[in-house]
Every structure is written in C-alpha cells, then in structure tokens.
Amino acid sequence: MRESIILITGVNGEIGHGLVRSLHDEGISNLIGIDLNTPDDFVLERTHDCLIGNILDKNLLERINAQYEVEAIYHMAALLSTRAEFSPVIAHEVNVDGTLNLLDLAMEQAQSRGKPVKFFFPSSIAVYGIPSLDEKNRVGAILEDDFRYPQTMYGCNKLYCESLGDYYSHYFKRLSATDSRGLVDFRGIRFPGIISAHTLPAGGTSDYAPEMIHAAAKSEHYDCFVRADATIPFMTMQDAIEAIQLLMAAPQSSLTKMVYNIKAFNPSAGEFLNKVKEYYPAADIDFVINDNRQSIIDSWPADVNDDQARKDWGWSAAHNLDKAFADYLIPEIRSRYEQS
Ligand code: SER
C-alpha cells in the first residue's frame, strides 16, 4: 500500500508557510512539501517530508507518483509578477509547464485511485487587465468574467492555467474510450495582494503593502514604489488560508465556478501608510515611484466582486483594514520582531 499524502508545492513560500501552519494545527500529519530551496525549520517540523527540487523535474514527480497516494495537491509554486517580467520565458516554464506537470500527476493519481484528487490553484487579480486608470476608477468592483486581458506574463500564465484546470476537470482526452471527467477536482481563487505577519513576499508587485509594515516594525527606511493613490485589494494571510480551507472543504455540488474572486479591503497605498503610522508613528517611508511597476498596479482592479464565493461556499473575510492591523498584523509582527 502506498502512503496517503497531501502535496504542497512551493512549500517554503509565503502561502506554503501559512498552509503548513494551518493544516498542521488541524492535526494533519501527512504533508509532503516540494520546494526549490530547503525549507526553514518551521516548515520542516510541521511536514512529514520535504523534497528539494523543481516542479519541472518529471523524475521528481514520477518518484512521488510511484511512492505515494496523493489525496490533494496545493500547487503554490510560482514566479510572481515582478520577477516574471524580468524572466518571462522562465516564468512561463515554471508557472505553466509546472502547473501542467502537477495537473498530470493529479490525473494519474486519480485514475489509479479511482477517485478524484482535489487540486487547489492560487490564481490572482493579475489575470485582469484594465486598459486605463480612468476606466479602473470608473468600473469599481469587477466580476470574474470581466477584463480578462492580463498585461503581465504572470497574469497570462495564471489565466491560462485556470483553463488548463477546467480542461483536466471536464474535458481531458475526451476522444479516448475512458471517461476522466471529474477525476481532477480543480478549485481556484483569484487572490488579491496578501499580507502576512510572518513572512515577506518575493518578487510580487503588491509587495509594497507588506514591505511597508515590516519595514516600519523593524525601524527601517522604505521607498514605496507606487503612488499614494495606487489602489488594489488586499487581505491578510490568515484570511487567505481560511478561504483555501473553506473552498477545499465545500461539496463539489455547491460550486458553480472553477475560480472565484475574494476580497477583504482595498486601501490606497497612502491610506495603508496612514494605518501603519497609527501604530508606528516614526515610520520612515517615502514614495519613490517606479513607473513600470505602477503601470502594472494601474492595470489591476481597485476592487473585485466576490458575491459568488460568498454564495457558493460561505466566504467572508474576518479582517477589514482596521481588524487586519489590530487583531492580526500588529500583535503577530510585534511578537515576531521582539523575539528576534
Ligand atoms: N501578489 C501577486 C504579485 O504581486 C499577485 O498575485 O505578483
């Protein structure tokens, strides 16, 4: 008998950490992680095993396929939007070919188990591309089917992988005699910018918000690379993880979409800084605009409509902006930097 496991790719990344924390707290002990880098002790202590390697390495995935029975895959490995603009071809390989490899592993596993494998895919507000700032300001909260014209390689990759998820779930090899429909149970969320108290993002374009608060907590200077009026939605890591757990636990019959918008709060960078200053009045933060990164933020929506997630799987954020700071970010960040 192969050991039954839950697989998390990109386990040493930001959402990987959040997931490991939460699944481990729930008593789940059969987590296997994959990451390019050796994960830190926090992750190593809370997982059954971590494999160091690349999701593009088919031999690595084949070893997992042979050794384990995979119940669910949380596929978090990706190159984020800013980094992807510097290496678009590598980003495409990691974000698209890597996802294809994991979807294929899910299908092989589901076929051999004879039951579905749940597949969680973190998509992003980067799949949207609003042509002008005027239009962005005019349209307000947008629906899942609106403005899917991504302007970044990362956004293109995420949007296409949503379609791959649909293909593997509903149309896989439809000309063959075997019916594979429903064997891959693909579920995705288009995340806004995520702010963790415990980790910092690497290579994203929404990084200015988490970077502001962590710099202020460490009494470091920070140059915010977008204008004070730049606005996109954000949420706390705690809410992001709660959303993943809720969506993954929902009965398939209640889901009407493959991929859902979710939201919590959407301050401008200036409003976010004012909030940071309520807790760290001496915060030393300037606005030094990077026009290219600003133009990416300008193409992302200021707000999204998440009614369908609320309706289908009971989504609602625990943290608005005030609660995010008062109940999560400030207490956790203070204890983190006081300890170190
Ligand atoms: N936070 C991501 C980024 O900035 C978007 O999903 O790349």
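These figures come from a predicted structure and were not determined experimentally. Positions are given from 1, in the same order as the sequence printed here. The figures that follow rest on heavy atoms only: side chains count, while hydrogens, waters and symmetry mates do not. Counting starts at 1 for both ligands and their atoms, in listed order.
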Original post:
Which is it for Ser206 and ligand 1 at heavy atoms under 4.0 Å: side chain, backbone, both or neither?
Top reply: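 Both backbone and side chain.
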Look at [X] together with [Y] and state whether they make a salt bridge at an N to O cut-off of under 4.0 Å.
| X | Y | result |
| --- | --- | --- |
| Glu162 | Arg190 | yes |
| Arg21 | Asp25 | no |
| Asp57 | Arg63 | no |
| Arg148 | Asp146 | no |

**OP:** Provide, to 0.1 Å, the distance between atom 4 (O) of ligand 1 and the closest protein heavy atom, together with that atom's residue and name.
**Re:**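 Result: Thr205 N, 2.6 Å.
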Original post:
Hey, is Trp300 one of the residues with a heavy atom under 4.0 angstrom from ligand 1?
Top reply: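 Per 4.0 Å heavy-atom rule, Trp300 contacts ligand 1.
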Give yes if a backbone or side-chain nitrogen or oxygen of [X] is under 3.5 Å from a nitrogen or oxygen of ligand 1, and no if not.
| X | value |
| --- | --- |
| Thr82 | no |
| Asp207 | no |
| Ser81 | yes |

**OP:** Assess Arg174 against Phe172: is NZ or CZ under 6.0 Å from the centre of the six-membered ring, and within 45 degrees of the ring's axis?
**Re:**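 Arg174 over Phe172 ring: no.
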Original post:
At a 4.0 Å threshold, what atoms of ligand 1 neighbour a non-hydrogen atom of Ser124?
Top reply: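 Listed by number with element: 5 (C), 6 (O).
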Original post:
Ring centroid separation for Phe186 and Phe121, is it under 6.0 angstrom?
Top reply: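 Phe186 vs Phe121: aromatic centres under 6.0 Å.
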